[in-house]
Amino acid sequence: MNKFLAANSSRNMKNSGTDIQIDQRNGRRLVLLPLPLQGHVNPMIQLANILHTKGFSITIIHTTFNSPDPSKYPHFTFHFIQEELTETEASTADIIALVSLLNIKCVAPFRDCLSKLLSDVSEDPIACLISDAIFHFTTAVSKGLKLPRIVLRTGGASSFRIFTALPFLKEKGYLPTQESQLENQVVELPPLKVKDLPVVNSRDPESVYDLLVSMTDGTKASSGVIWNTFEELEQSALAALRHDFSIPVFPIGPFHNRFPSSSSSLLTQDQSSISWLDKRAPKSVVYVSFGSVAALNVTQFLEVAWGLANSKQPFLWVVRPGLVRGAEWLEPLPNGFLEDLNGRAHIVKWAPQSEVLAHPAVGAFWTHNGWNSTLESICEGVPMICMPCFTDQMANARYVSDVWRVGMQLENGLEREKIESTINRLLVDEEGEAIRKRILSLKEKAKLCLSQGGSSCQSLDSLVSQILSLEPIIFQTP
Ligand code: UDP
């Protein structure tokens with residue numbers, strides 16, 4: 001038995017109406033550092049909850065930018081660092097510039113905060129740091145403090161495999177991508193096409209490459225990598241990563257099936273989404289959301305609006321303020337657009353997405369294929385219409401349409417006629433029926449992997465053993 005085992009007995013914690021069994025406290029503390037973006041905060045907080053139920057004390061170090069509300073997590077300790085972004089810098093308009101800057105500005109305040117925590121003898125000793133993989137600066141900080149570091153990669157394993165191949169793809173001439181080659185296959189990485197490779201609109205295109213390579217290098221240098229995925233979904237990518245990396249790989253997802261993400265929402269979720277869905281027929285509604293960062297220009301936004309309207313199907317559409325470049329919110333819509341749809345449409349600024357996808361009225365999810373959204377859709381058995389925007393989203397979408405075959409891609413531009421026909425092919429036609437069957441079978445696998453003896457359950461046990469085998473840092477006099 002581990003020498004830090006505390007005498008507390010098991011207890012239960014209430015979470016969203018389900019009783020969650022909490023193991024005995026094990027006398028070890030974990031320090032978690034999320035990347036402060038919605039798609040990263042959600043899985044890190046879910047992971048914190050999962051590891052808390054396994055007996056660990058949880059300390060979260062967070063930037064002041066985009067911080068979650070600590071009062072929602074009385075069972076965690078929060079420390080906020082001052083990364084001091086200016087108002088212009090604290091914008092997701094150029095996401096790569098923001099993340100690259102955070103990797104610089106967080107170094108000193110994070111190191112100071114972590115050093116203080118390490119010398120605090122009043123708390124359980126720290127077993128390791130769990131950092132978002134994109135915060136690659138933590139490799140050097142944890143090495144300097146001799147603290148073991150495990151990373152959480154919040155994206156999928158298949159897209160990560162592509163990131164690890166970036167230097168090779170550059171050498172082979174696939175990158176930077178050229179307009180004339182976009183439809184070509186990447187023969188070394190089927191079923192990817194050149195247009196599925198990770199690109200982002202950024203002031204400095206080279207910085208995308210640098211960031212992703214630093215992330216994969218920082219992951220290789222860690223003591224292990226945790227994935228919000230499951231073995232049955234991404235077996236071949238996980239096998240390849242196990243082969244290429246000499247570190248343990250822990251696919252313990254889907255996280256949100258254990259802990260819902262609603263509590264870590266940085267925006268207020270509009271509950272009218274659910275009361276509106278309550279009045280709709282089963283599997284009749286298209287839920288449309290492009291996540292927390294992707295943006296459209298006004299022309300694209302209007303094509304989406306008219307494609308949805310012309311499909312004649314009911315739709316629930318998340319138009320986040322900032323979704324349309326240069327607009328506050330819905331002003332680009334023609335006068336009377338919503339009224340003319342006679343209640344067939346509902347638009348909100350932010351939705352309780354997990355509950356929406358679990359609602360029986362939802363028949364399809366038009367998504368940008370952020371990894372969380374993709375996984376949430378799979379777990380609820382909702383077929384997808386894929387419209388990836390940047391980095392891993394293109395690869396996620398290719399896997400959805402061509403490997404798992406649980407969705408259809410909207411490729412090569414946004415046109416209202418194509419949108420209208422894709423929605424009807426998926427919701428009404430027989431083609432959609434086959435896709436629905438396949439995603440229901442994946443949903444079942446996503447459930448089974450979390451049950452006793454299931455792959456993610458076993459992987460979580462291995463993760464816990466691995467952490468407990470790390471030598472905790474005991475107080476060192478400065
Ligand atoms: N989400 C939400 N309400 C919305 C849209 C999204 O709560 O109206 C949540 C969604 O459930 C997911 C996260 O925000 O957990 C978005 O993460 P994802 O990886 O899909 O995309 P990103 O925002 O990182 O591009």
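For ligands, and for the atoms within them, numbers begin at 1 and follow the listed sequence.
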Could you label the plane-to-plane angle of the Trp404 and Tyr399 rings as parallel, tilted or perpendicular, counting under 30° as parallel and over 60° as perpendicular?
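Correct class here is tilted.
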Should you measure from each heavy atom of [X], which atoms of ligand 1 turn up under 4.0 Å away?
X: Trp371; result: 19 (O)
X: Gly39; result: 17 (O), 24 (O)
X: Gly291; result: 23 (O)
X: Gln38; result: 14 (O)
X: Gly370; result: 18 (P), 19 (O), 20 (O), 21 (O)
X: Gln269; result: 7 (O)

Around [atom], find the nearest protein heavy atom and jot down its residue, atom name and distance.
atom: atom 19 (O) of ligand 1; answer: Asn372 ND2, 2.8 Å
atom: atom 3 (N) of ligand 1; answer: Ala351 O, 2.6 Å
atom: atom 6 (C) of ligand 1; answer: Gln353 OE1, 3.2 Å
atom: atom 23 (O) of ligand 1; answer: Ser292 OG, 2.5 Å
atom: atom 20 (O) of ligand 1; answer: Ser373 OG, 2.5 Å

Please list, chain by chain and in numerical order, all residues satisfying ring pair (Phe, Tyr, Trp, His ring centres under 6.0 Å) with Phe110, sequence neighbours excluded.
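Residues passing ring pair (Phe, Tyr, Trp, His ring centres under 6.0 Å) with Phe110: Phe137.
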Are side-chain N/O atoms of [X] and [Y] paired as donor and acceptor at under 3.5 Å?
X: Ser264; Y: Asn42; answer: yes
X: His75; Y: Asn49; answer: yes
X: Thr59; Y: His79; answer: no
X: Gln313; Y: Ser284; answer: no
X: His40; Y: Thr154; answer: yes
X: Arg149; Y: Thr138; answer: yes

Strictly under 4.0 Å, does any heavy atom of [X] approach an atom of ligand 1?
X: Asn42; result: yes
X: Arg320; result: no
X: Phe255; result: no
X: Ser289; result: yes

Sub-3.5 Å donor-acceptor pair from the side chain of Ser459 to the main-chain atoms of Ser455, do we have one?
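Such a contact is absent between Ser459 side chain and Ser455 backbone.
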For ligand 1, does [X] get within less than 4.0 Å through its side chain, its backbone, both, or neither, judged by non-hydrogen atoms?
X: Glu376; answer: side chain
X: Tyr287; answer: side chain
X: Trp350; answer: both

Judging by distance only, is a nitrogen or oxygen of His368 under 3.5 angstrom from one on ligand 1?
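For ligand 1, there is an N or O atom that lies under 3.5 Å from one belonging to His368.
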Evaluate the criterion side-chain hydrogen bond (donor to acceptor under 3.5 Å, both in side chains) for residue pair Ser159 and Trp371; output intermediate values, then yes/no.
CA-CA 10 Å; Ser159 62; Trp371 183 247; over 6 Å; no
Could you pull out all residues at least two apart from Glu411 that satisfy salt bridge (charged side-chain N to carboxylate O under 4.0 Å, His left out)?
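With sequence neighbours excluded, Glu411 shows a salt bridge (charged side-chain N to carboxylate O under 4.0 Å, His left out) to Lys195, Arg398, given in chain and number order.
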Salt bridge (charged side-chain N to carboxylate O under 4.0 Å, His left out) evaluation trace for Glu89 with Lys105
CA-CA 11 Å; Glu89 288 168 348; Lys105 288 205 162 191; 3.1 Å; yes
